[in-house]
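All values below were derived from every heavy atom in this structure, side-chain atoms included, with hydrogens, water molecules and symmetry-related copies excluded.
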Amino acid sequence: MLDVRFIRENFELVKEAIKNKGEKLSIDNFLELDTKRRKIISEVDQLKHKRNQVSEKIGRLKKENKNAQDLINEMKKVSDRIKILDSDIQNIEKEIYDIIIKIPNIPHPSVPVGDESHNKLIKNWGELPEFDFTPKDHLELGKELDIIDFSSASKIAGGGFALYKGLGAQLERALINFMLDLHINKHGYTEIFPPFLANRESMFGTGQLPKLEEDMYLCKEDDLFLIPTAEVPLTNIHRNEILDGAKLPIYYTAYSACFRREAGSYGKDTRGFMRVHQFNKVEMVKIVLPETSYDELEKLLADAEEVLQLLKIPYRVVNLASGDLSFAGAKCYDIEIWASVEKKFLEISSCSNFEDFQARRIEIKFRRTKNSKVEFVHTLNGSGVATARLMISILENHQTDEGTVIVPEVLRKYMGEINIIK
RNA sequence: GGAGAGGUGCCGGAGCGGUUGAACGGGGCGGUCUCGAAAACCGUUGUUUCCUUUAGGAAACCCAGGGUUCGAAUCCCUGCCUCUCCGCCA
């Protein structure tokens with residue numbers, strides 16, 4: 001959410017950003033509403049000032065047992081007028097709110113303008129594997145090695161779910177632990193183990209609502225949503241708080257299962273692990289000083305990249321163009337890993353700087369020193385990383401001509417030193 | 001699920017419907033004292049919005065949202081949350 005004053009003073013810039021993000025939204029009546037709102041507030045504040053003074057006088061008169069009926073009658077009228085104006089303000093503020101809640105964040109100057117064809121490749125890492133045999137895809141490998149069982153999963157829960165078995169389950173667990181340990185011990189994050197359900201307010205705070213309600217699993221009885229990412233609980237930890245600036249930056253990491261209905265996504269990239277309703281992810285969230293957020297974004301990206309480097313999975317990094325950027329993002333790097341059989345890159349991590357867009361929405365502020373005024377923090381998050389697609393890449397890239405899979409070295413200590421899945 | 005208690009400022013904790021934005025205590029900040037520190041004493045200590053803008057003035061906020069009233073932290077209703085006891089379950 002942008003600041004009302006900022007919109008008022010940078011109206012053309014905001015319109016430009018809406019266009020560049022590919023949003024269809026007219027904000028032409030904003031300025032009129034904004035002016036009207038301020039005018040009515042001035043009027044009603046004056047009336048309230050009068051009411052406060054006269055009410056005090058009435059109180060004094062009553063104490064002295066004097067008659068105050070004339071004043072009371074007069075104030076009755078004033079109060080009625082105030083009631084009308086207050087409700088006018090409420091209506092206008094609702095209208096304004098409905099507009100600004102739909103205004104996307106302004107892309108950073110370093111973000112390419114245009115649709116996704118303008119995404120800018122930042123780097124390639126690692127050598128794409130070449131096989132002197134016909135490589136199998138992850139579904140085939142998973143089945144033959146008896147480590148991933150999609151058909152049992154669909155018996156239990158329906159399509160779009162996975163069941164890990166034996167070394168498959170161990171491999172999954174190893175990945176999660178490896179990533180958490182890396183972020184905690186080497187990158188300085190604090191581990192959080194959050195609730196996997198979140199209320200409406202939290203979901204709204206991080207922007208999953210109202211736009212994406214259809215994509216969320218909802219427990220109706222309790223009006224709780226299954227979290228689609230640990231970003232929801234992590235970012236909401238400090239909702240409505242004023243933090244001590246000396247304690248920034250704050251780095252949180254968390255493992256969580258992630259639940260997504262993926263409504264309306266049938267037919268596209270749905271095979272196997274490509275798109276599932278429940279997957280595991282280690283998420284990273286940063287709450288930082290505004291002036292540091294772009295440096296922090298580079299570090300966040302590096303933290304996610306290191307996961308892949310240590311697993312020896314080739315990847316590339318893309319700086320998303322304005323039209324491909326998420327609603328709340330000011331800048332975002334996508335990390336895409338190579339799937340050998342699909343012969344394409346799969347998005348596995350998004351590292352975003354939201355600047356103060358999220359913070360404004362959920363009111364995370366800070367004070368630099370004891371007596372300085374409050375400012376909004378900047379927030380960032382990145383996947384570090386999601387395991388489902390990682391599993392595709394590990395199985396497909398590390399397979400041998402014997403149909404076995406070599407366990408990446410860094411995972412072996414989490415798997416009882418098993419080095420090959422056969 | 002049943003019964004009860006409660007949600008007040010950075011924290012603890014008061015608050016007959018009428019100078020209560022909020023007593024009192026603690027903490028923080030500034031100062032006096034001191035070679036320095038502690039103690040003591042004095043002062044100060046929230047956020048948001050609107051108007052005018054050297055400087056100010058005004059409004060709103062005591063979990064949230066409604067209501068009663070000339071006037072509400074204080075009364076009424078709804079919701080949310082926390083705590084205690086019982087039951088049930090892991």
[X] [atom1] to [N] [atom2]: how many Å, rounded?
X     : N      : atom1 : atom2 : value
A:K39 : B:rU52 : NZ    : P     : 13 Å
A:R5  : B:rU48 : CZ    : P     : 10 Å
A:E74 : B:rG71 : CD    : C1'   : 14 Å
A:L71 : B:rG18 : CG    : P     : 18 Å
A:I82 : B:rA59 : CD1   : C1'   : 10 Å
A:R51 : B:rG71 : CZ    : P     : 6 Å
A:I92 : B:rC50 : CD1   : C1'   : 14 Å
A:K77 : B:rG71 : NZ    : P     : 15 Å

[atom1] gap between [N] and [M], integer Å:
N      : M      : atom1 : answer
B:rU54 : B:rC62 : C1'   : 35 Å
B:rA22 : B:rA14 : C1'   : 10 Å
B:rG21 : B:rC76 : C1'   : 25 Å
B:rG15 : B:rC77 : C1'   : 23 Å
B:rU84 : B:rG28 : C1'   : 34 Å
B:rG13 : B:rC50 : C1'   : 34 Å
B:rG6  : B:rC10 : P     : 24 Å
B:rU20 : B:rU8  : C1'   : 12 Å

- Give the minimum heavy-atom separation between A:N236 and A:E201, together with the two atoms involved.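 Distance-wise, the nearest heavy atoms are OD1-O, 4.5 Å.
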
- Please report the shortest heavy-atom distance between A:L25 and A:K102, naming the atom on each side.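 Scanning both residues, the minimum pair turns out to be CD2-O, 3.4 Å.
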
Within the structure, does a side-chain N or O atom of [X] lie under 4.0 Å from either OP1 or OP2 of [N]?
X     : N      : result
A:K76 : B:rC70 : yes
A:Q90 : B:rG66 : yes
A:K83 : B:rU68 : yes
A:N52 : B:rG18 : no
A:S79 : B:rG71 : yes

Verify the distance criterion only: is there a donor paired with an acceptor across the side chains of [X] and [Y] at less than 3.5 Å?
X      : Y      : result
A:H183 : A:Y252 : no
A:Y255 : A:E191 : no
A:D324 : A:S322 : no
A:H378 : A:E355 : no
A:N280 : A:E172 : yes
A:Y315 : A:E305 : yes
A:S42  : A:D45  : no

Name the pairing partner of [N], where a pair is Watson-Crick or G-U wobble with both distances under 3.5 Å, or state none.
N      : result
B:rA58 : B:rU49
B:rU68 : none
B:rU20 : none
B:rG43 : B:rC29
B:rU84 : B:rA3

- Measure from the side-chain heavy atoms of A:D45 and tell me the nearest of B:rC70, B:rC50, B:rU47.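 Among B:rC70, B:rC50, B:rU47, the one nearest the side chain of A:D45 is B:rC50.
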
- Task: State which of B:rA60, B:rA58, B:rC70 makes the closest approach to the side chain of A:K48.
- Result: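 Closest nucleotide among those given: B:rA60.
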
- Query: Do any N or O atoms from the side chain of A:S393 and from the backbone of A:A339 form a donor-acceptor pair under 3.5 angstrom?
  - Reply: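 Such a contact is absent between A:S393 side chain and A:A339 backbone.
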
- Query: Okay, side chain of A:S55, backbone of A:R51: is any donor-acceptor separation there less than 3.5 Å?
  - Reply: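 The answer is yes, because a donor-acceptor pair under 3.5 Å joins these two groups.
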
- Item | Positions of residues 217-244 of chain A (non-hydrogen atom under 4.0 Å from RNA chain B), listed by number |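 The stretch gives none, as no residue of it lies under 4.0 Å from the strand.
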
- Query: Which of residues 355-367 of chain A sit near RNA chain B, with a heavy atom under 4.0 Å from it?
  - Reply: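 Heavy-atom contacts with RNA chain B come from A:K365, A:R367.
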
For a quick check of understanding: with a heavy-atom distance under 4.0 Å over all strands, which category does [X] fall into, base, sugar-phosphate or nothing?
X      : value
A:R60  : nothing
A:I41  : sugar-phosphate
A:V374 : sugar-phosphate
A:N73  : nothing

- Would you kindly compare A:Q53 and A:R8 by the position of their nearest RNA chain B nucleotide and give the one closer to the 5′ end?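 The 5'-side residue here is A:R8.
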
- Item | Most 5' of A:D34 and A:E56 on RNA chain B, judged by nearest nucleotide |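 Result: A:E56.
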
- Item | Residues that A:K165 engages under salt bridge (charged side-chain N to carboxylate O under 4.0 Å, His left out), provided they are two or more places apart |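 Expected list: A:D146.
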
